[in-house]
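Order of appearance sets the numbers: ligands from 1, and atoms from 1 within every ligand.
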Amino acid sequence: MDLLVVGSGLFGLTLAERAAVSGRKVVLIDRRDHIGGNAYSSSDPETGIEIHRYGSHLFHTSNASVWDYVNKFTSFTDYEHRVFSTFRGEVFPLPINLGTINQFFRSSMGPGEARKLIASQAKEFESGTARNLEERAISLIGRPLYEAFIRDYTAKQWQTSPEELPAEIISRLPVRYNYDNRYFNDTFEGLPTDGYGAWLERMADHKNIEVRLGVDFFDEDQPLNRKAVEEALPIVYTGPLDRYFDYAEGRLSWRTLDFESEVLDVGDFQGTSVMNYADMAVPYTRIHEFRHFHPERDYQREKTFITREYSRFAEGVDEPYYPVNTAHDRERLLKYRELANSVPSVFFGGRLGTYQYLDMHMAIASALSLWTNKVSEVFA
Ligand code: FDA
């Protein structure tokens, strides 16, 4: 073995694949019983519908190298993501656009009038001096739209009132003064034609990659544990940064999600893939209905699979999903980065290993760059 990769998410997979293609023997371990990390999907046995096991994953990028790279392993459908929000019994299109504004204000404004209205409502606070998330959001989109689409949704996501959340959590809130309600603006978008599971399996399918599942890097009963291998060979580590150092500087904080899934005896429950729920009275933040990710597939019409998503702070063994990133976290992160520099044979990467939210295309780009600029140099 030339290289150990800990974690088989898109970061670890990309790194392992590049190393394998260059002739290195790679062992890729993951503590879960499947590869692919949070992008993993599988078919629900009852309905045959492909389910994204860790929340909806939409692939989008404007990075042509990443697009070329991922197309080696899968083709993509022409799916374009769109999201709607239910507020007080009415459904609105998101991101906030002219359609949302005219529906909300019961009006038929053109772009110019709508722009003026929102600018006048946004005057209530100055963006630069906003003292909390609420003031920042109002300074960007005005109070009425903020109170309808942002306030309670954000409070549910963070279990905290937006008045108590730091203004920095949002730097911009896009408002489109046209009727374009495509969720992403990227050049390339789509879903893997035969599913994430198949795509991710193909990335690991190389004679130089040995995958070992159900293996925890910190379990000293397995031979490839940290203590045994830390100085013996180069390691790419994509697990949680604070865990690597036994939480020596304290825990970095994360938000987690709870998913409540159900098979319903209807062909179509909500008519779209993701519906947000903006009201406080509804405890979940959104409902995913997975059949709508693949309208081109011949799924059965008698049943559908839905997942309600709830958000909260992570504790103990919860899956870390989104970095909370308080000032305290940032201080700790700096200390962990110093510790990481003290173990030169270990390369920290991915969303957990660097404590930052990364979209899939960002995780892939970052792994491609780590391989080219650093890890491959070890073998040069
Ligand atoms: P990832 O978390 O995928 O993989 C890390 C792997 O390391 C895991 O498999 C874990 O089991 C393993 N591991 C950890 N500790 C270990 C240990 N001690 N021993 C062995 N293995 C260990 N992106 C996007 O582009 N579009 C989208 O729509 C979404 N949607 C989305 C929804 C939700 C709810 C989340 C949380 C995230 C997204 N993402 C996304 C982001 C996407 O999930 C992210 O880009 C990838 O997961 C990043 O891949 P990584 O390899 O960095 O981490």
Side-chain angles (χ1 to χ4, degrees), residues 4-17 27-41 52-63 66-67 70 76 79 81 83 157 183-184 186 188-192 196 199-200 203-204 211-220 222 224-227 229 235-246 254-259 273-274 285-286 288 290 293 307 309-312 314 317-323 346-368 370:
L4 174 65
V5 177
V6 180
S8 68
L10 271 166
F11 191 98
L13 275 174
T14 303
L15 210 300
E17 191 274 343
V27 173
L28 176 59
I29 62 169
D30 203 297
R31 66 179 172 191
R32 291 179 176 162
D33 63 0
H34 60 76
I35 65 160
N38 281 3
Y40 175 74
S41 73
H52 303 176
R53 296 287 162 188
Y54 304 90
S56 291
H57 275 68
L58 296 316
F59 192 82
H60 57 96
T61 185
S62 293
N63 182 331
V66 168
W67 184 244
V70 296
F76 287 82
Y79 177 84
H81 195 45
V83 173
Q157 277 184 314
Y183 200 73
F184 301 114
D186 281 309
F188 310 105
E189 180 178 355
L191 289 171
Y196 281 97
W199 164 18
L200 301 163
M203 287 181 78
V211 178
R212 296 190 197 168
L213 296 174
V215 176
D216 190 321
F217 187 51
F218 300 101
D219 174 2
E220 290 176 22
Q222 63 86 13
L224 293 176
N225 70 75
R226 176 190 48 184
K227 286 199 177 133
V229 297
I235 297 166
V236 172
Y237 173 80
T238 74
L241 180 59
D242 51 1
R243 172 68 189 92
Y244 191 93
F245 298 103
D246 299 318
W254 292 85
R255 277 193 299 127
T256 193
L257 300 174
D258 293 318
F259 296 114
S273 47
V274 177
T285 50
R286 42 189 186 165
H288 310 256
F290 291 96
F293 286 133
T307 298
E309 179 178 313
Y310 301 79
S311 179
R312 61 180 172 82
V317 295
D318 288 332
E319 284 293 340
Y321 280 139
Y322 298 105
V346 182
F347 299 90
F348 293 82
R351 58 180 204 99
L352 301 167
T354 58
Y355 189 64
Q356 56 181 328
Y357 179 80
L358 297 173
D359 266 329
M360 291 181 279
H361 67 102
M362 296 155 89
I364 294 165
S366 157
L368 291 172
L370 182 72

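Exactly one residue among F348, F245, F347 makes a ring pair (Phe, Tyr, Trp, His ring centres under 6.0 Å) with Y237. That residue is F348.
Of all protein heavy atoms, the one lying nearest to atom 46 (C) of ligand 1 is R351 CD, 4.2 Å. Atom 8 (C) of ligand 1 has as its closest protein heavy atom D30 OD2, 3.5 Å. When only non-hydrogen protein atoms are considered, atom 7 (O) of ligand 1 lies nearest to G7 CA, 3.2 Å. Nearest non-hydrogen protein atom to atom 3 (O) of ligand 1 is N38 N, 2.9 Å. Looking from atom 4 (O) of ligand 1 to the surrounding protein, the closest heavy atom is G9 CA, 3.4 Å. Counting only heavy atoms of the protein, atom 39 (N) of ligand 1 lies nearest to Y357 OH, 3.1 Å. The protein heavy atom nearest to atom 22 (C) of ligand 1 is R31 CG, 3.9 Å.
The contact set between ligand 1 and Y322, taken as ligand atoms under 4.0 Å from a residue heavy atom, comprises 32 (C), 33 (C), 34 (C), 35 (C). Using a 4.0 Å cut-off to heavy atoms of Y54, the atoms of ligand 1 that qualify are 33 (C), 34 (C). Listed by number with element, the atoms of ligand 1 under 4.0 Å from a non-hydrogen atom of L358 are 41 (C), 42 (C), 44 (C), 45 (O). Atoms of ligand 1 lying under 4.0 Å from any heavy atom of G350, numbered from 1 in the order shown and given with element: 52 (O). Listed by atom number, the atoms of ligand 1 under 4.0 Å from F218 heavy atoms are 18 (N). Proximity to R32 (heavy-atom distance under 4.0 Å) selects the following atoms of ligand 1: 9 (O), 11 (O). Less than 4.0 angstrom separates some heavy atom of G239 from each of these atoms of ligand 1: 14 (C), 15 (N). Interface atoms of ligand 1 facing Y321, defined by a heavy-atom separation under 4.0 Å, are 36 (C).
On a distance-only criterion, G55 and ligand 1 share no N/O pair closer than 3.5 Å. Taking only nitrogen or oxygen atoms, main chain and side chain alike, V6 does not reach within less than 3.5 Å of ligand 1. Not a single N or O atom of H361, backbone or side chain, sits closer than 3.5 Å to an N or O atom of ligand 1. Between L352 and ligand 1, no N or O atom pair is found at a separation short of 3.5 Å. Considering backbone and side-chain atoms together, F259 places no N or O closer than 3.5 Å to any N or O of ligand 1. At a 3.5 angstrom cut-off on N or O pairs, S8 does not count as close to ligand 1.
In this structure, F184 and H60 have parallel ring planes: the angle between them is below the 30° cut-off, well short of the 60° mark.
Ring centers of F293 and H52: under 6.0 Å apart, within the cut-off.
A distance of 5.0 Å separates CG in L13 from CE in M203, rounded to the nearest 0.5 Å.
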* Can you list the steps and then say if D186 with S62 is a side-chain hydrogen bond (donor to acceptor under 3.5 Å, both in side chains)? -> CA-CA 5 Å; D186 281 309; S62 293; 2.6 Å; yes
* Asked: Under the side-chain hydrogen bond (donor to acceptor under 3.5 Å, both in side chains) criterion, do S273 and Y79 qualify, and how do the steps go?
  -> CA-CA 11 Å; S273 47; Y79 177 84; 2.7 Å; yes
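For V215, the closest heavy-atom approach to ligand 1 falls below 4.0 Å. Under a 4.0 Å heavy-atom criterion, Y40 is not in contact with ligand 1. Within the structure, ligand 1 has P240 among the residues with a heavy atom less than 4.0 angstrom away.
At a heavy-atom distance under 4.0 Å, only backbone atoms of S56 (N, CA, C or O) approach ligand 1.
A salt bridge links R226 with D246: the distance from a Lys NZ or Arg NE/NH1/NH2 to an Asp or Glu carboxylate oxygen falls below 4.0 Å.
In this comparison of R212, H57, M362, M360, the heavy atom closest to atom 43 (O) of ligand 1 sits on H57. Between the choices A367, S366, P320, A363, the shortest heavy-atom distance to atom 48 (C) of ligand 1 belongs to A363.
Under the 3.5 Å distance criterion, with hydrogens and angles disregarded, no donor-acceptor pair is assigned to the side chains of E189 and H81.
By the 6.0 Å and 45° rule, R32 stacks over the aromatic ring of Y54.
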